[in-house]
Amino acid sequence: MQLKLPRPRWEWFVPAFYWGCTYALRGALWLVTRWEVRGREHVPLEGGLIVVSNHLNNADPPIVGAGVAKRRIRWMAKIELFRYPFGVIPRLWGAFPVRRFEADLGAMLNAERILRHGGVLGMFPEGTRSRTGYLGKPHPGTALIALRTGVPVLPCAVTGTERFRNPLVVLRRPRFTVTIGEPIRVEAVKRPTEEQVSALTERIFEAIKALLPPEYVAPYTGSGGGAPQEHDGPDHPRE
């Protein structure tokens, strides 16, 4: 009788692929950019955690992951990135899809499962890349997941990655920074109210804002406002 071996699953390769890419990226960043990471001592070494950051470039998820370094981050990413054939890469990297700007129950349940098993979830509260370079209006999804699971939120801020929109910028060894703040402690709430979600959303926004230089922060009017879209974004004389 011939034994049937189980078919290999791509999930088995995710940790090796993630860490291989992360450390290869760290080496490349040291070679071609002036890269700085601040506050890595704030990263909890165990337990569920939500990593949040502002969003300037498609390269931000792996760069934030390389900055955090100590934990493997499972990023919630827009579903358009998972179309084949290139969609294999984010899947191997451990990301999972979400339908942005709508109630994606499946993505939320997947996120909560990761956190309840002690994993690290990565999210951009703005929901999309900033077109101006300024920190934009946050959406409530991050706060809702944090309240439902009671895990801490780790605020991060990236600066300078907006320059990567032009690949030739590496010839000038661009400067960029990943800054990691102190975790925001969250008490679990079985059924969070709108007021609780709004209050935590504002706390997350303010925590990211506090890590950013002033030129990345436009006037903000609260949960109903956002960064003015008529601006051209931050200037960067420091090259």
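Just the heavy atoms: all of them, side chains too, but no hydrogens, waters or symmetry mates, feed the values below. As the structure is a prediction and not an experimental result, all values here were calculated from the model.
- Heavy atoms of other residues, nucleotides or ligands lying less than 6.0 angstrom from CD of Glu80 number more than 12.
- From Leu135, atom CG reaches atom OG of Ser53 across 9.0 Å, with rounding to the nearest 0.5 Å.
- Partners of Phe17 under the ring pair (Phe, Tyr, Trp, His ring centres under 6.0 Å) rule, at least two apart in sequence or in another chain, do not exist in this structure.
- The hydrophobic cluster containing Val120 also contains Trp19, counting ILVMFWY residues as joined when their side-chain heavy atoms lie under 4.5 angstrom apart, directly or transitively.
- Phe86 and Trp93 are not part of a single hydrophobic cluster, where members link through side-chain heavy atoms under 4.5 Å apart.
- Tested against Ile50 for a side-chain contact (heavy atoms from CB on, under 4.5 Å), the candidates Ile204, Leu115, Ile114 yield a single pass: Leu115.
- Residue Leu49 comes nearest to Val151 through the heavy atom pair N-CB, 4.2 Å, listed as atom of the first residue, atom of the second, then distance.
- Arg26 is not listed as a side-chain neighbour of Leu29, based on a closest heavy-atom distance of 4.5 Å or more.
- Of all the heavy atoms in Ile180 and Cys156, the pair that sits closest is CG1-SG, 4.0 Å.
- Partners of Phe164 according to the ring pair (Phe, Tyr, Trp, His ring centres under 6.0 Å) rule, which considers only residues two or more places apart in sequence or in another chain, are Phe176.
- Heavy atoms only, all atoms of each residue included: Asn57 and Pro61 are closest at O-CD, 4.2 Å.
- Nearest heavy atom pair, residue Leu56 against residue Thr159, reads CD1-CA, 4.2 Å.
- For the atom pair His42 NE2 and Leu154 CG, the distance stands at 9.0 Å (nearest 0.5 Å).
- Rounded to the nearest 0.5 angstrom, Thr142 OG1 and Leu200 CG are separated by 9.0 Å.
- In terms of heavy atoms, Gly160 sits closest to Tyr216 at N-OH, 3.0 Å.
- A heavy-atom distance below 4.5 Å is found between the side chains of Phe96 and Leu121.
- No continuous path of hydrophobic side-chain contacts links Trp35 to Leu211 [ILVMFWY only; heavy atoms under 4.5 Å].
- Tyr18 and Val88 fall within the same hydrophobic cluster, defined by Ile, Leu, Val, Met, Phe, Trp and Tyr side-chain heavy atoms under 4.5 Å apart, directly or through other members.
- Shown here for Ala107 and Pro97, the closest heavy-atom pair between the two residues is CB-O, 3.6 Å.
- For CD of Glu182, the number of neighbouring non-hydrogen atoms (other residues, nucleotides, ligands) closer than 6.0 Å is 12 at most.
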Can you give the donor-acceptor pairs under 3.5 Å from side chains of residues 63-77 to other protein atoms, not counting sequence neighbours?
from: Lys70; atom 1: NZ; to: Arg40; atom 2: O; distance (Å): 3.4
from: Arg71; atom 1: NH1; to: Pro44; atom 2: O; distance (Å): 2.9
from: Arg71; atom 1: NH1; to: Gly47; atom 2: O; distance (Å): 3.4
from: Arg71; atom 1: NH2; to: Gly47; atom 2: O; distance (Å): 2.8
from: Arg71; atom 1: NH2; to: Gly118; atom 2: O; distance (Å): 3.1
from: Arg74; atom 1: NE; to: Gly94; atom 2: O; distance (Å): 2.3
from: Arg74; atom 1: NH2; to: Gly94; atom 2: O; distance (Å): 3.4

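- Separation of atoms CZ (Arg99) and NZ (Lys78) is listed at 15.0 Å; rounding is to 0.5 Å.
- Note: the hydrophobic cluster containing Met123 also contains Val158 (ILVMFWY, side chain heavy atoms under 4.5 Å, direct or indirect links).
- When atom types are taken as modelled, the side chain of Arg175 and the backbone of Arg34 share no donor-acceptor pair closer than 3.5 angstrom.
- In this structure, the separation between CD on Glu194 and CG on Leu144 is 11.5 Å, given to the nearest 0.5 Å.
- In this structure, the separation between CD on Glu126 and NZ on Lys137 is 11.5 Å, given to the nearest 0.5 Å.
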